[in-house]
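On a predicted model such as this, the values are computed, not experimentally measured, just so you know.
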Amino acid sequence: MVVGAFPIAKLLYLGIRQISKPLANRIKAGAQRSEFFRTYVCLPPAQVYHWVEMRAKMRIMGFRGAVIKPLNEDAAAELGAELVGEAIVFLIGGGCLVAEYARQSANSRRKEEEMEARLGSMETELARLGLLTEELETRARVAERQQLAVK
């Protein structure tokens with residue numbers, strides 16, 4: 001009976017993904033407390049995101065030249081912290097996906113190499129048996145000729 005390997009890698013990936021959300025929440029909280037992180041990491045992406053979102057909404061509603069006011073600092077910091085948190089979760093999930101793909105491709109490559117090795121050994125054995133068959137046929141012909149020569 002063949003027993004499958006315990007999917008420890010998949011369990012590890014699941015654990016990492018489950019930990020990523022609380023980790024992202026802690027980073028968001030730290031981002032809102034740190035003035036540097038808030039100013040240089042949270043605010044710029046939040047303002048860009050707000051500008052792109054509002055620009056798209058205005059175009060959908062038919063307003064072409066409307067001026068978009070930037071978010072106030074508190075709202076931008078909150079939105080920026082959310083964007084950073086979601087980016088962290090997304091990056092961790094993407095990293096797990098890439099790692100799983102690499103693991104699966106390595107397994108597939110290993111199985112293919114094993115199959116090719118087995119095929120090569122079978123071909124070698126087949127060639128050896130072919131030579132052995134030819135040798136035995138030659139011996140049988142020689143023995144047959146000797147028997148005919150004796151008669």
Side-chain angles (χ1 to χ4, degrees), residues 1-140:
M1 181 171 155
V2 178
V3 178
F6 183 69
I8 193 79
K10 290 182 181 181
L11 188 62
L12 183 65
Y13 296 147
L14 181 63
I16 289 171
R17 286 180 51 204
Q18 290 296 322
I19 291 172
S20 68
K21 192 64 174 174
L23 176 68
N25 289 339
R26 288 185 58 93
I27 290 173
K28 285 192 305 189
Q32 290 178 340
R33 286 191 302 266
S34 168
E35 191 61 37
F36 175 81
F37 200 79
R38 180 181 179 138
T39 304
Y40 295 108
V41 176
C42 290
L43 293 180
Q47 293 295 359
V48 169
Y49 177 80
H50 172 70
W51 183 81
V52 169
E53 180 185 33
M54 292 307 294
R55 188 78 154 174
K57 285 181 181 178
M58 292 295 191
R59 284 197 177 172
I60 288 172
M61 291 190 297
F63 300 113
R64 294 283 177 201
V67 176
I68 299 170
K69 295 179 183 175
L71 286 173
N72 65 15
E73 190 171 324
D74 291 333
E78 181 70 30
L79 180 60
E82 280 294 319
L83 288 173
V84 167
E86 291 301 318
I88 289 168
V89 170
F90 180 75
L91 288 174
I92 289 173
C96 287
L97 186 67
V98 168
E100 179 66 19
Y101 175 77
R103 189 181 71 81
Q104 289 292 335
S105 66
N107 282 345
S108 174
R109 188 174 35 252
R110 181 186 51 80
K111 285 181 182 178
E112 189 172 318
E113 288 170 358
E114 287 175 0
M115 191 70 87
E116 285 186 19
R118 285 176 50 199
L119 181 62
S121 68
M122 288 176 148
E123 288 174 347
T124 304
E125 182 68 13
L126 184 62
R128 187 186 70 77
L129 290 174
L131 290 175
L132 184 62
T133 304
E134 286 179 20
E135 182 184 336
L136 290 175
E137 286 176 350
T138 305
R139 283 184 186 175

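Between the side chain of T39 and the backbone N or O of E35 there is at least one donor-acceptor pair closer than 3.5 Å. A donor-acceptor pair is defined here as one N or O able to donate and one able to accept, closer than 3.5 Å; no such pair exists between the side chain of S108 and the backbone of Q104.
Atom-to-atom distance recorded for L71:CG and E53:CD is 9.0 Å, nearest 0.5 angstrom. The CE atom of M58 sits 6.0 Å away from the CD1 atom of I68 when rounded to the nearest 0.5 Å. From L43, atom CG reaches atom CD of E78 across 11.5 Å, with rounding to the nearest 0.5 Å. Of the inter-residue distances, the one linking E135 atom CD with L131 atom CG reads 8.5 Å to the nearest 0.5 angstrom. Here the straight-line distance linking atom OG1 of T124 with atom CG of L119 works out to 9.0 Å at 0.5 Å rounding. The distance from atom CD1 of I88 to atom CD1 of I92, rounded to the nearest 0.5 Å, is 7.0 Å.
A salt bridge does not link E114 with K111: every distance from a Lys NZ or Arg NE/NH1/NH2 to an Asp or Glu carboxylate oxygen is 4.0 Å or more. Residues E112 and R109 are not paired through a salt bridge, judged by the lack of any N-O separation under 4.0 Å between the basic side chain and the carboxylate.
Within a 6.0 Å sphere centred on CZ of R118, other residues, nucleotides and ligands contribute 12 heavy atoms or fewer. Around the CE atom of M122, the shell of radius 6.0 Å holds no more than 12 heavy atoms that belong to other residues, nucleotides or ligands.
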Derivation of the side chain to side chain contact (heavy atoms under 4.5 Å, CB included) call for N107 and R103
CA-CA 6 Å; N107 282 345; R103 189 181 71 81; 3.5 Å; yes
Exercise for the section: Show your reasoning for whether salt bridge (Lys or Arg N to Asp or Glu O under 4.0 Å) applies to R128 and E125. Expected result: CA-CA 5 Å; R128 187 186 70 77; E125 182 68 13; 2.6 Å; yes
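A pairwise comparison of heavy atoms in Y49 and L83 identifies CB-CD1, 3.8 Å as the closest pair. When every heavy atom of Q47 is checked against every heavy atom of A76, the shortest pair comes out as NE2-CB, 3.6 Å. A81 and C42 get closest at one heavy-atom pair: N-SG, 3.9 Å. Between G80 and A46, the closest heavy-atom pair is N-CB, 3.5 Å.
V67 places none of its side-chain heavy atoms less than 4.5 Å from the side chain of M54.
Annotation: salt bridge (Lys or Arg N to Asp or Glu O under 4.0 Å) contacts of R33 (sequence neighbours excluded): none.
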